[in-house]
**Q** 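Attaching a single structure in structure tokens format; questions to follow.
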Amino acid sequence: MKDRDCGSLSKKDAGQVVILSGWVHRRRDHGGLIFVDLRDRSGLVQVVFDPDTSKENFNLAEKLRSEFCVQIQGEVSIRPEGLENNELKTGEIEVKAQKLTILSPSQALPFALDTRSDVDEAVRLKYRYLDLRRPELQQNFILRHQVTKAVRDFLDKEGFLEVETPMLTKSTPEGARDYLVPSRVNPGTFFALPQSPQLFKQLLMVSGFEKYFQIVKCFRDEDLRKDRQPEFTQIDMEMSFVEEQDIQQLIERMFVYLFERIYAIKIDTPFPRMTYQEAMNRYGSDKPDTRFGMELVDLTDLLADCGFKVFNETIKKGGQVKGICVKGCADYTRKQLDDLTTLAQELGAKGLAWMLIKDEIKSPIAKFFTDTEIANITQRLQAQNGDLLLLVADQKETVAAVLGRLRLDLGETLGLIPKDKMNFLWVVDFPLLEWDKDENRYMAVHHPFTAPKEENFDEDPANALAKAYDLVLNGVELGGGSIRIHDANLQTKLFKVLGISEEEAEEKFGFLLQAFKFGPPPHGGIAFGLDRMIWLLAKAESIRDVIAFPKTQKAICLLTEAPSTVSSKQLKELHIASTVVKS
RNA sequence: GGAGCCGUAGUGCAGUCGGCUUAACACGCCUGCCUGUCACGCAGGAGAUCGCGGGUUCGAGCCCCGUCGGCUCCGCCA
């Protein structure tokens, strides 16, 4: 039904008769002459309907409206002198319509498929199929296709095997909330949709696949964010006989390959490495955005004996005082400072201390410090006249959370973030464990199969490090992985520290522990959030812009109206009953 | 579970201090005119349960309470 793509036509095609099919992007009816911008996936071309060519055709063209699906046969011709459109790729030519076929008409649209208007996202999602007609959205999916294709090509070249793992699988504790699927055949039992193919890919290593990958949907029933959807896609990999640097180098080669193939640019490797500790100290985040400075500066040693009770008492209790220097913001208003303070309090700080440096120090707390202390603070923060200093005193987790967030917010509002930069960063040496106050036990920071750096990690669990690594791009966690435990004794030791009993371990992961009795190879892997990758590469507003049919923050699909109630017959077959009382 | 912002024709929005409009404007839509436009132009027209429910008031799009939905964030996301 078409022999050419609209966007592919150029001067070279002049004189040719072509058949095009697509949508009426815009129509300009001059009464005696009608112009139509015809759009298909490839782009736009102007079609001219002239009654002198065919009166019948022209009359039919008068019926055309936005988004009619049409086929047009016509002659490509060079536009008359002075009538070219430089805004359009095909602007040097136009198609003189000889025959128009209306393949299907369209109702008036619920919203304009126009970049200029910022349409409410609820309306866009309800009519997602129309939203997806917008070229800028289609571009995201073209990119997404190119990336997955390149990833497959690269991993194939590196000797990886793509293997599918089950979607209906076993619910495992430790981790995100599962999406459950009731079993009809086995009353009272449930499958879980995978949070990741973690255990299966480890089993594939036991099977001797050596290099596995999969581009696969994963499901986590947790609350949504602009970079989080309940179902998302991972590029999941696992390799045998590797150490951390083998995997990191492979991933660096992969990104070099991707950028070369998609953007024809060369990116620098190796990517910088930063320990978790350093990331937290300097940026207050385990996924630092290193595209700009404003780093967190430790002032604890300078202020341990200062006259400000809030500070010295916090320090005595094992806390710290840190600050950031906000360049050129000494003219911040009381309102702006109050807003920053409110944000700090929402994140758990008791307060936010500020100092405006305007020739002299303007600050409600300045009177508590000696001139030497003030001089030391400003010097260490490398503050100059005209700067604003923000200080937080608290336990180190809170200090990091508050200043890390203030840094990001201020970096954004002050325009300090260079948008064209692509700053990859490996964050390494993650802690193995983390104390969970609610559960009153240690939890695995990564997951309970992650190998510790030292075999005697149980002697000082709080400070044990893991063979785990995250790849961060521009402050977004793109992916993470680890070297796994393949030694049964080590695994048992870790379960013990995690407070998982032998019986529980047997019940939950028995199949894995069993498998590890049959010569498991040393192995490790990594997984990337594909949606996040595309989101960053496409510089899209939200992750929803790179997912064809995304869900709202309430995890609802406005297009299909899923989830929905089901018949009592369906529930009965599944041996389940809803506890929700219809009002 | 919690916090914030938003909700007015199909779309984007204005609506001031609660009483001046018959809820304005732009795009879109419909009708007519228009042979070189490209965000075509011109003339006319239709189109609003002001998210929903309750309250305050002589009077509510506007104030209060609740509720629903969208977005952003905290918690959560091994």
Side-chain angles (χ1 to χ4, degrees), chain A residues 25-38 44-53 58 62 65-67 79-88 90-91 94 96 106-127 130 172-178 195-196 198-199 218-230 232 339 342-343 345-348 401-402 405 408-409 430 432-434 436 438-439 442-450 466 468 477 480-482 494 498 500 527 529 541-542 544 551-554 556 558 583:
Chain A
H25 191 66
R26 233 185 285 277
R27 142 194 90 102
R28 293 175 292 280
D29 184 347
H30 286 238
L33 200 61
I34 298 171
F35 298 96
V36 162
D37 290 338
L38 187 68
L44 293 178
V45 70
Q46 172 164 283
V47 177
V48 194
F49 291 92
D50 189 332
D52 297 341
T53 312
F58 182 83
E62 286 187 314
R65 292 294 180 273
S66 277
E67 298 304 313
R79 291 198 190 186
E81 182 125 13
L83 297 172
E84 302 85 0
N85 181 356
N86 296 325
E87 304 286 301
L88 213 58
T90 59
E94 62 192 5
K96 294 197 153 141
S106 170
Q107 288 184 2
L109 299 173
F111 61 94
L113 307 185
D114 205 307
T115 333
R116 288 173 298 143
S117 50
D118 207 3
V119 181
D120 184 67
E121 201 167 346
V123 181
R124 288 175 48 199
L125 289 176
K126 183 175 177 190
Y127 299 95
L130 295 179
T172 52
E174 308 275 321
R177 195 176 293 116
D178 285 320
Q195 296 174 26
S196 85
Q198 183 60 37
L199 299 180
C218 300
F219 305 85
R220 292 178 190 177
D221 187 4
E222 297 292 350
D223 288 343
L224 281 63
R225 289 287 188 280
K226 76 170 171 198
D227 62 349
R228 253 161 49 187
Q229 282 275 306
F232 60 100
D339 287 347
T342 305
L343 177 61
Q345 285 168 339
E346 281 169 3
L347 293 167
V402 173
R405 170 68 180 275
L408 287 178
D409 280 18
F430 274 83
L432 182 68
L433 304 161
E434 172 179 54
D436 188 309
D438 299 331
E439 301 227 356
Y442 282 108
M443 303 279 277
V445 168
H446 190 58
H447 60 58
F449 314 104
T450 299
E477 181 195 330
S482 64
L494 180 54
L498 289 171
I500 300 174
E541 279 294 307
S542 110
R544 297 182 295 279
K551 295 185 173 55
T552 68
Q553 197 166 41
K554 283 247 164 109
I556 280 169
L558 292 176
S583 51

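Labels below follow one simple rule: chain letters A, B, ... track the order of the sequence lines, proteins then strands, and each chain is numbered from 1.
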**Q** Do we count A/F111 as stacking onto B/rU11 if the rule is ring centres under 5.5 Å and planes under 30°?
**A**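 Ring-base stacking flag not set for A/F111 and B/rU11.
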**Q** So A/D52, base contact, sugar-phosphate only, or nothing? Heavy-atom distance under 4.0 Å.
**A**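 Touches a base.
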**Q** Using Watson-Crick or G-U wobble geometry with both distances under 3.5 Å, which nucleotide pairs with B/rG41?
**A** B/rC33
**Q** Kindly say whether, by distance alone, the side chain of A/D120 makes a donor-acceptor pair under 3.5 Å with the base of B/rG12?
**A**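 A donor-acceptor contact between them is absent.
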**Q** On a plain distance test, is the side chain of A/E81 in donor-acceptor contact with the base of B/rG36 below 3.5 Å?
**A** no
**Q** Using the six-membered ring for Trp and the full ring for Phe, Tyr or His, decide whether A/H30 stacks on the six-membered base ring of B/rU37 (centres under 5.5 Å, planes under 30°).
**A**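 No, A/H30 does not stack on the base of B/rU37.
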**Q** Side-chain N or O of A/R27 versus OP1/OP2 of B/rC40: is the shortest distance under 4.0 Å?
**A**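 Looking at the OP1 and OP2 atoms of B/rC40, neither is under 4.0 Å from any side-chain N or O of A/R27.
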**Q** Does A/R405 pair with A/D409 as a salt bridge, N-O distance under 4.0 Å?
**A**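 A/D409 and A/R405: salt-bridged.
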**Q** B/rC40, OP1 or OP2 - any side-chain N/O from A/R26 closer than 4.0 Å?
**A** yes
**Q** Under 6.0 Å from the CD atom of A/Q107, do we count more than 12 heavy atoms belonging to anything else shown?
**A**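 Open: at most 12 neighbouring heavy atoms sit under 6.0 Å from CD of A/Q107.
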**Q** Under 3.5 Å, is there any donor-acceptor pair linking the side chain of A/R79 to the base of B/rC38?
**A** yes
**Q** Name the nucleic acid region contacted by A/T450, choosing base, sugar-phosphate or nothing; use a 4.0 angstrom heavy-atom cut-off, strictly under.
**A** nothing
**Q** Ignoring hydrogens and geometry beyond distance, is the side chain of A/R228 in donor-acceptor contact with the base of B/rC77 at under 3.5 Å?
**A**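 By the distance-only test, yes, there is a pair.
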**Q** Tell which nucleotide pairs with B/rA3, taking only Watson-Crick or G-U wobble pairs whose two distances are both under 3.5 angstrom.
**A**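 Pair assignment: B/rA3 / B/rU72.
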**Q** Touch check for A/E434, heavy atoms < 4.0 angstrom, all strands: base, sugar-phosphate only, or nothing?
**A** nothing
**Q** Taking the side chain of A/S542 as its heavy atoms from C-beta onward, which of B/rU72, B/rC71, B/rU35 lies nearest to it?
**A** B/rU72
**Q** Quick one: label A/Q46 by what it contacts on the DNA or RNA (base, sugar-phosphate, nothing), any heavy atom closer than 4.0 Å.
**A** base
**Q** Mapping A/K551 and A/H447 to their closest nucleotides on RNA chain B, which lands nearer the 5' end?
**A**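 Nearer the 5' end of the strand: A/K551.
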**Q** Strictly below 4.0 Å, N to O, side chains only: are A/R79 and A/E84 in salt-bridge contact?
**A**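 Looking at A/R79 and A/E84, the cut-off is not met.
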**Q** If you compare every side-chain N and O of A/R225 against the phosphate oxygens of B/rC74 (OP1, OP2), does one of them come in below 4.0 Å?
**A**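 Yes, because at least one side-chain N or O of A/R225 sits under 4.0 Å from OP1 or OP2 of B/rC74.
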**Q** Heavy atoms from C-beta onward define the side chain here; which of B/rG1, B/rG36, B/rC38 lies closest to that of A/R28?
**A**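 Looking only at heavy atoms from C-beta outward on A/R28, the closest nucleotide is B/rC38.
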**Q** Quick one: look up who B/rA26 pairs with, Watson-Crick or G-U, both distances under 3.5 Å, and put none if it's unpaired.
**A**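 WC or wobble partner is B/rU11.
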**Q** Rounding to the closest angstrom, what is the interatomic distance between B/rG70 and B/rG47 at atom P?
**A** 31 Å
**Q** Does B/rG69 have OP1 or OP2 sitting under 4.0 Å from an N or O in the side chain of A/K554?
**A**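 Yes, A/K554 has a side-chain N/O under 4.0 Å of OP1/OP2 on B/rG69.
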**Q** How would you label the contact of A/D221 with the nucleic acid (heavy atoms, under 4.0 Å): base, sugar-phosphate, or nothing?
**A** nothing
**Q** Inspect the contact between A/E121 and A/R544 and indicate whether a charged nitrogen and a carboxylate oxygen are less than 4.0 angstrom apart.
**A** yes
